[in-house]
Amino acid sequence: MRTIGLLGGMSWESSALYYRLLNEGVRERLGGLHSARCVLLSVDFAGVEALQAAGDWDAAGELLAADAAAVQAAGADLVLLCTNTMHRVAPALEAVLDVPLLHIADVTAAAVTAAGVTRVGLLGTAFTMEQPFLRDRLAAGGLDVVVPGPADRAEVHRVVYQELCRGVVNPASRARFVEVVGRLVEDGATGVVLGCTEIELLLRPEDVDVPVFATTALHVQAALAAALD
């Protein structure tokens, strides 16, 4: 079993989901008392969020690159950056790593394409929905990506930072997200990418009438394949 490196804490709510899914996946594949061989470095999200808000992506990249190098030094054979938004600085991490950084957009695009979906709605933080780093990577994988309108983007972003990152799962917010997905479907989306790891804590596949592509779960599945196959 290869060692999976997790760079998390952004937020720790979703990193806990990564850890649980990894261990459940290993148990399902290997049985018995098997669990994932992994190393986890969990950052203080407050500092990262301040850099996001200031638009200082260079400093954020330097910070996470140093942490990624520490994860590698701890024995990781591959690294997962446990957040969609901070893939904005993935090149900075790749520059210091000698082991693969498993990019969340690549594994997501592959899964969406395999499902026969070509036009997807993208939900995430405002950074993820409005900046090109994830959208362009998904598009390079053959997908046509649509994002919510301005008011919906603002509401999705608010729920992520003010509720989900703080461990609050609000049924009223789930209902609003279902409405947002409905508008994306009206815009031609035939599937929806949950491009924020925390959104998987709120929106469930059974809540909407189109396929849901949960990036955390897909990221974990790809990591397990790399570590075990």
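- Within the structure, the side-chain hydrogen bond (donor to acceptor under 3.5 Å, both in side chains) test picks out the following pairs touching residues 99-118 (sequence neighbours left out): Asp106-Arg137.
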Worked verdict on Leu122 versus Val146 for side chain to side chain contact (heavy atoms under 4.5 Å, CB included): CA-CA 6 Å; Leu122 174 63; Val146 294; over 6 Å; no

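- Of the possible polar contacts, none joining the Arg27 side chain to the Leu33 backbone as a donor-acceptor pair under 3.5 Å is found.
- From Thr128, atom OG1 reaches atom CZ of Arg153 across 12.0 Å, with rounding to the nearest 0.5 Å.
- With respect to the salt-bridge test (charged N to carboxylate O, under 4.0 angstrom), the residues Asp144 and Arg119 qualify.
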Go through it in stages, so that I can follow the logic: the residues are Val178 and Val180, the test is side chain to side chain contact (heavy atoms under 4.5 Å, CB included), and I'd like the CA-CA distance, side-chain angles, deciding distance and then a yes or no. CA-CA 5 Å; Val178 169; Val180 172; over 6 Å; no

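- Applying the ring-ring contact (aromatic ring centres under 6.0 Å, His included) definition to pairs two or more places apart or across chains, those involving residues 28-71 are Trp57-Phe127.
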Given Asp67 and Leu93, is the side chain to side chain contact (heavy atoms under 4.5 Å, CB included) satisfied, shown in steps? CA-CA 9 Å; Asp67 287 336; Leu93 278 62; over 6 Å; no

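- Counting heavy atoms from C-beta outward, Leu134 and Val193 have side chains that stay 4.5 Å or more apart.
- In this structure, Ser15 contributes its side chain and Gly9 its backbone to a donor-acceptor pair below 3.5 Å.
- The shortest heavy-atom contact between Arg174 and Leu202 is NE-O, 2.7 Å.
- Proximity of Gln72 to Asp98: side-chain heavy atoms (C-beta onward) are separated by under 4.5 Å at one or more points.
- Here the straight-line distance linking atom SG of Cys38 with atom CG of Leu6 works out to 5.5 Å at 0.5 Å rounding.
- Checked by atom type and distance alone, the side chain of Asn23 pairs as donor or acceptor with a backbone atom of Ala36 at under 3.5 Å.
- Thr190 has its side chain out of reach of Val210: every pair of non-hydrogen atoms, C-beta onward, lies at least 4.5 Å apart.
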Walk me through whether Met1 and Leu30 qualify under side chain to side chain contact (heavy atoms under 4.5 Å, CB included). CA-CA 10 Å; Met1 187 187 306; Leu30 301 182; 3.7 Å; yes

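- Counting only distance, with no hydrogens or angles, the side chain of His219 and the backbone of Leu102 share a donor-acceptor pair below 3.5 Å.
- In this structure the side chain of Glu200 reaches within 4.5 angstrom of the side chain of Thr215, judged on heavy atoms.
- For Glu206, the CD atom counts as densely surrounded, since its 6.0 Å shell holds more than 12 non-hydrogen atoms of other residues, nucleotides or ligands.
- For the pair Leu22 and Ala223, the tightest heavy-atom approach, listed with the atom from each and the gap, is CD2-CB, 4.5 Å.
- In this structure, Leu203 CG and Ser173 OG are separated by 11.0 Å, a value rounded to the nearest 0.5 Å.
- Here the shortest heavy-atom pairing between Tyr18 and Leu80 reads CE2-CD2, 3.9 Å.
- Rounded to the nearest 0.5 angstrom, Arg88 CZ and Leu81 CG are separated by 13.0 Å.
- Residues Ser14 and Glu198 approach most closely at OG-OE2, 3.2 Å, considering heavy atoms.
- Salt bridge annotation for Arg29-Asp229: present, with a cationic side-chain nitrogen under 4.0 angstrom from a carboxylate oxygen.
- In this structure, Ile104 CD1 and Thr197 OG1 are separated by 7.0 Å, a value rounded to the nearest 0.5 Å.
- Between Gln221 and Val107 the shortest side-chain heavy-atom distance does not fall below 4.5 Å.
- Put simply, the side chain of Asn84 does not reach to within 4.5 Å of the side chain of Thr125, judged on heavy atoms.
- One N or O on the side chain of Arg135 and one on the backbone of Glu130 form a donor-acceptor pair closer than 3.5 Å.
- Linking ILVMFWY residues whenever their side-chain heavy atoms come closer than 4.5 Å, directly or via other members, leaves Tyr19 and Leu41 in distinct clusters.
- Pairs of residues two or more places apart, or lying in two chains, never qualify as salt bridge (charged side-chain N to carboxylate O under 4.0 Å, His left out) while including a residue from residues 33-46.
- Note that CZ of Arg204 and CD1 of Ile199 are 14.5 Å apart. Values are rounded to the nearest 0.5 Å.
- Linking ILVMFWY side-chain heavy atoms closer than 4.5 Å, directly or via other members, places Ile4 and Trp12 in two distinct hydrophobic clusters.
- Cluster membership check: Val156 shares its hydrophobic cluster with Val169, using side-chain heavy-atom separations under 4.5 Å among Ile, Leu, Val, Met, Phe, Trp and Tyr.
- No side-chain heavy atom of Arg183 sits under 4.5 Å from any side-chain heavy atom of Pro148.
- Counting heavy atoms from C-beta outward, Leu21 and Thr216 have side chains that approach closer than 4.5 Å.
- A continuous path of hydrophobic side-chain contacts links Val185 to Phe213 [ILVMFWY only; heavy atoms under 4.5 Å].
- Minimum heavy-atom separation, Val120 to Ala189: C-CB, 4.0 Å.
- A continuous path of Ile, Leu, Val, Met, Phe, Trp and Tyr side chains, each step under 4.5 Å between heavy atoms, connects Phe133 with Val160, placing both in one hydrophobic cluster.
- Under the 4.0 Å criterion applied to side-chain N and carboxylate O atoms, Glu163 and Arg158 are assigned as salt-bridge partners.
- When every heavy atom of Gly141 is checked against every heavy atom of Ala109, the shortest pair comes out as CA-CB, 4.1 Å.
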